[in-house]
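Every chain is numbered from 1 and lettered A, B, ... according to where its sequence line falls, protein lines coming before strand lines. Note: hydrogens, waters and symmetry copies are ignored here, and every other heavy atom, side chains too, is used.
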2 protein chains.
Amino acid sequence: MDSLQQLKKDFDEVSDFLIALGDEKRQSIIITLLQADNCKGLRVIDLTDATQLSRPAVSHHLKILKQVGLIDMRSEGTKNYYFLSHSTTEIDKLKKLLNHVTTIIEKTVKTK
Amino acid sequence: MDSLQQLKKDFDEVSDFLIALGDEKRQSIIITLLQADNCKGLRVIDLTDATQLSRPAVSHHLKILKQVGLIDMRSEGTKNYYFLSHSTTEIDKLKKLLNHVTTIIEKTVKTK
DNA sequence: ATTAATGGTTTAAACAAACGAACGAATGGT
DNA sequence: ACCATTCGTTCGTTTGTTTAAACCATTAAT
């Protein structure tokens, strides 16, 4: 497959991830989870306290973060515990793309 | 400085970059520039042809991409040539943040 | 100087995202 | 069985983004 075509596909695959990660509110959720992930996860209410967002807003953002594989969930009765996904697949995919782009740019600069 | 506080700052600094990079239209512009950057850059009209966007739309997206340091411009009379920025500072910043996050996640998994 | 070409900007409209209020579903306790 | 708790979802509103049409500024050419 054409390297350019591959690049197009790679970009497309990380689009949602980038959008999810670019939002300030979602960043606060991520940071809150990062600092608390030594325990078993946080509930929606914990996150509303920490981020100053309403419950529906937190719920909405958690859904988006879950869709892109950044976080995971575990239910205990009515209680849902959210935590950062233990797999870094999506992050790795983005890192790879960034490396690819950097390589092309550096090659271009050298050719100049 | 608190490592967490640092993380918060790092996230904040790449927000605009992530948002800029997440948009599909802007991705097509970037890809077009990537594949053509062996020459001296592309003009707005070249990009409208390649991306199927109107001239004002291209202009708008170029402005955003320029603001986050992803692309640069060179004027020759009335003609503006756009090309990918030769410095990868922003990309490197994002890579560093991703590494930081990955480190925290992996540490957490191990502790479990 | 006048005209043509290039491209940035402003404005208004279409579109999408984010939010809170209210509602609904499921579980747990009394 | 009943009520409280937890959390997701739907709905309408607000807010922000994206876009094209029209306009303006600059340069180049005759």
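Results of the side-chain contact (heavy atoms from CB on, under 4.5 Å) test with Leu42(B) over Ile71(B), Ile29(B), Asn80(B), Leu33(B) single out Leu33(B) as the only residue that passes.
Straight-line distance from the CG atom of Leu65(B) to the C1' atom of dG8(C): 16 Å, rounded to whole Å. With rounding to whole Å, Asn80(B) atom CG is found 11 Å from dT27(D) atom P. Here dG8(C) presents its P atom at 10 Å from NZ of Lys63(B), a figure rounded to the nearest Å. Taking atom CE of Met73(B) as the reference point, atom P of dG8(C) lies 7 Å away to the nearest angstrom. The nearest whole Å value for the distance from the CG atom in Leu18(B) to the P atom in dT17(D) is 15 Å. Here the P atom of nucleotide dT9(D) and the CG atom of Leu62(A) are 11 Å apart, to the nearest Å. Lys79(B) places its NZ atom 14 Å from the P atom of dG8(C), with the value rounded to the nearest Å. Going from atom CD of Gln67(B) over to atom C1' of dG8(C) covers 13 Å, rounded to whole Å.
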N/O contacts under 3.5 Å, protein versus nucleotides 15-19 of chain C?
| residue | atom | partner | partner atom | Å |
| --- | --- | --- | --- | --- |
| dA18(C) | OP1 | Asp23(A) | OD2 | 3.4 |
| dC19(C) | OP1 | Lys25(A) | NZ | 2.7 |
| dC19(C) | OP2 | His61(A) | NE2 | 2.4 |

For nucleotides 26-30 of chain C, list the nitrogen or oxygen atoms of the protein found under 3.5 Å from its nitrogen or oxygen atoms, one pair per line.
none

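In this model, a side-chain donor or acceptor of Arg55(B) finds a partner on the base of dG8(C) within 3.5 Å.
A donor and an acceptor atom, one from each side chain of Gln27(B) and Ser15(A), are located under 3.5 Å apart.
Each of Tyr81(B) and Gln52(A) was matched to the nucleotide of DNA chain C holding its nearest heavy atom; the match closer to the 5' end belongs to Tyr81(B).
Between dG8(C) and Tyr82(B), a contact under 4.0 Å exists linking OP1 or OP2 to a side-chain N or O. Considering only side-chain N and O atoms, Ser59(B) lies under 4.0 angstrom from the phosphate OP1 or OP2 of dG8(C).
When the shell of 6.0 Å around NZ of Lys95(A) is examined, it contains more than 12 heavy atoms from other residues, nucleotides or ligands. Surrounding CD of Glu76(B) are more than 12 heavy atoms belonging to other residues, nucleotides or ligands, all under 6.0 Å away.
Remark: side-chain polar atoms of Ser59(A) are not paired, donor with acceptor, to backbone N or O of Pro56(A) under 3.5 angstrom.
Annotation: the span from Arg74(B) atom CZ to Tyr81(B) atom OH amounts to 7.0 Å, rounded to 0.5 Å. Atoms CG and OG1, on Leu84(A) and Thr102(B) in that order, are 10.5 Å from each other to the nearest 0.5 Å.
Follow the hydrophobic side-chain contacts under 4.5 Å out from Ile64(A) and you never reach Leu62(A); the two are in separate clusters. Residues Val101(A) and Ile19(B) do not share a hydrophobic cluster, defined by chaining ILVMFWY side chains whose heavy atoms lie under 4.5 Å apart.
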